[in-house]
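Please read these numbers as outputs of a predicted model, since none were measured by experiment.
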Amino acid sequence: MSGGADSIVQFDNVGLRYGTDREVLSDISFTLYPGSFYFLTGASGAGKTSMLRLLYLAQRPTRGAIRMFGHDLITQPRKALPEFRRRIGTVFQDFRLVPHLSAFDNVALPLRITGMRESEIAKPVNDMLEWVGLDHRAHARPATLSGGEQQRVAIARAVIARPEILVADEPTGNVDPEMAVKLLRLFEALNSLGTTVVVATHDVHLLRKVPDSLIMRLDKGKLSDPTGALRYPPKRENIGREARV
Ligand SMILES: Nc1ncnc2c1ncn2[C@@H]1O[C@H](COP(=O)(O)OP(=O)(O)OP(=O)(O)O)[C@@H](O)[C@H]1O
Ligand SMILES: [Mg+2]
């Protein structure tokens with residue numbers, strides 16, 4: 001298997017099919033290095049969400065091997081997966097906020113899961129809600145928030161516990177361009193603290209906003225990588241360069 005021991009994620013000839021249909025992902029091989037910032041791009045239906053579902057462990061591949069945090073995921077028993085998932089922050093394309101919890105309690109959830117004391121939770125949660133411009137909506141239930149507001153709560157929840165990997169599916173799909181840039185800055189700030197970031201988007205304008213990012217492009221379930229940027233540790237000449245055939 002290619003890739004060094006210091007990789008955080010490694011896919012080797014991964015394929016995915018839903019049911020008996022054709023493969024929606026084929027021969028996917030790449031290595032993610034800790035502390036890097038990746039964009040996953042490609043047309044609607046190219047397989048971005050499917051790839052992220054593999055990354056946040058909602059889905060097992062139909063073939064191939066996936067290593068994460070130095071462990072072979074395919075041979076892990078099901079009961080081991082929640083422990084892995086706690087190390088991954090996820091922004092779902094459809095948000096998936098807990099409907100009966102307020103914005104505050106949705107964002108606080110990952111901290112409560114880690115066992116943080118209630119007295120220590122309020123400040124980071126309020127600071128995060130303020131960053132995403134929702135401090136005045138802290139007590140609102142998700143159903144009473146707009147799509148863009150729900151998306152910002154989902155992002156706040158995904159980053160609050162400083163995960164080792166952040167996996168975000170079209171995280172700026174419902175916000176205006178100004179807020180999109182602000183949210184990207186939040187991801188960059190997390191990235192500068194060491195989190196490996198993977199952001200799926202079909203908005204190519206977004207890619208240029210993060211100059212140090214590496215770009216993975218999916219085309220009908222195939223990943224293109226002619227520069228080798230996704231197989232070797234990030235090199236200066238690969239940064240900001242689109243892996244296009
Ligand atoms: N649960 C499912 N069962 C069957 N087919 C699926 C399922 N989920 C996705 N697909 C199919 O897999 C392919 C890739 O879908 P996916 O959602 O990964 O694309 P995407 O790149 O995220 O698209 P978008 O930009 O629209 O979000 C599509 O052809 C889609 O119809
Ligand atoms: Mg998608």
Quick check against the 3.5 Å criterion: does [X] have a side-chain atom that pairs as donor or acceptor with the backbone of [Y]?
| X | Y | answer |
| --- | --- | --- |
| Glu23 | Gly15 | no |
| Asn106 | Val98 | yes |
| Asn13 | Arg63 | no |
| Asp176 | Met179 | yes |
| Arg152 | Val132 | yes |
| Arg141 | Ala103 | no |

### Query
Which pairs with one or both residues in residues 155-165 pass side chain to side chain donor-acceptor pair (under 3.5 Å), sequence neighbours excluded?
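Sorted pair list: Arg87-Glu164.
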Could you tell me which non-hydrogen atom of [X] sits nearest to which non-hydrogen atom of [Y], and how far apart they are?
| X | Y | answer |
| --- | --- | --- |
| Ile215 | Thr41 | CG2-CG2, 3.9 Å |
| Gly148 | Val175 | O-CG1, 3.9 Å |
| Val107 | Ala156 | CG2-CB, 3.7 Å |
| Ile74 | Pro61 | CD1-CG, 3.5 Å |
| Leu16 | Thr62 | CA-OG1, 3.0 Å |
| Lys209 | Pro211 | O-CD, 3.4 Å |

Beyond-backbone contact of [X] with [Y], side-chain heavy atoms, under 4.5 angstrom:
| X | Y | result |
| --- | --- | --- |
| Leu166 | Val198 | no |
| Pro110 | Met116 | no |
| Leu25 | Leu218 | yes |
| Leu183 | Gln151 | no |
| Leu186 | Leu184 | no |
| Phe104 | Asn126 | yes |
| Phe11 | Leu223 | no |
| Ile28 | Met51 | yes |

### Query
Do the side chains of Leu101 and Val153 join up, straight or via other hydrophobic residues, at under 4.5 Å, putting them in one cluster?
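Different clusters.
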### Message
Does this structure show an ion pair linking Arg96 with Asp94, if we count only N-O contacts that are shorter than 4.0 Å?
### Response
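Salt bridge present between Arg96 and Asp94.
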### Presence of salt bridge, Lys123 and Glu120, under 4.0 angstrom
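Salt bridge between Glu120 and Lys123, a charged N being under 4.0 Å from a carboxylate O: no.
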### Query
Does one side chain, of Gln10 or Arg67, offer a donor that lies under 3.5 Å from an acceptor on the other?
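Side chains of Gln10 and Arg67: no pair found under 3.5 Å.
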#### Entry: Polar contact flag, side-chain donor to acceptor under 3.5 angstrom, Thr196-Tyr38
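The criterion, which ignores hydrogens and geometry beyond distance, is not satisfied for Tyr38 and Thr196.
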### Task
Kindly write out the residues that satisfy side-chain contact (heavy atoms from CB on, under 4.5 Å) with Ala189, not counting sequence neighbours, or none if the list is empty.
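By the side-chain contact (heavy atoms from CB on, under 4.5 Å) rule, Ala189 matches no residue at all.
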### Query
Taking only residues two or more places apart in sequence or in another chain, which ones pass side-chain contact (heavy atoms from CB on, under 4.5 Å) with Ala200?
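Testing Ala200 for side-chain contact (heavy atoms from CB on, under 4.5 Å), a comparison that skips the adjacent residues, returns Leu40, Lys48, Leu52, Asp169.
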### Query
For Lys182, does the NZ atom have more than 12 heavy-atom neighbours from other residues, nucleotides or ligands under 6.0 Å away?
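Atom NZ in Lys182 is crowded, with more than 12 foreign heavy atoms closer than 6.0 Å.
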### Task
Count the heavy atoms belonging to other residues, nucleotides or ligands that lie under 6.0 Å from NE2 of His136, then report whether that count exceeds 12.
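Yes, enclosed.
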### Task
State which residues pass ring pair (Phe, Tyr, Trp, His ring centres under 6.0 Å) with Phe37; sequence neighbours excluded, sorted by chain then number.
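Ring pair (Phe, Tyr, Trp, His ring centres under 6.0 Å) list for Phe37, sorted by chain: Phe39.
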### Task
Sequence neighbours left out, what passes salt bridge (charged side-chain N to carboxylate O under 4.0 Å, His left out) with Lys220? Give chain and number order.
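Listed in chain order: nothing, the list is empty.
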### Query
How would you list all residue pairs meeting ring-ring contact (aromatic ring centres under 6.0 Å, His included) that involve residues 71-92, not counting sequence neighbours?
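Counting only pairs at least two positions apart or across chains, the ring-ring contact (aromatic ring centres under 6.0 Å, His included) contacts touching residues 71-92 are Tyr56-Phe92, His71-Phe84.
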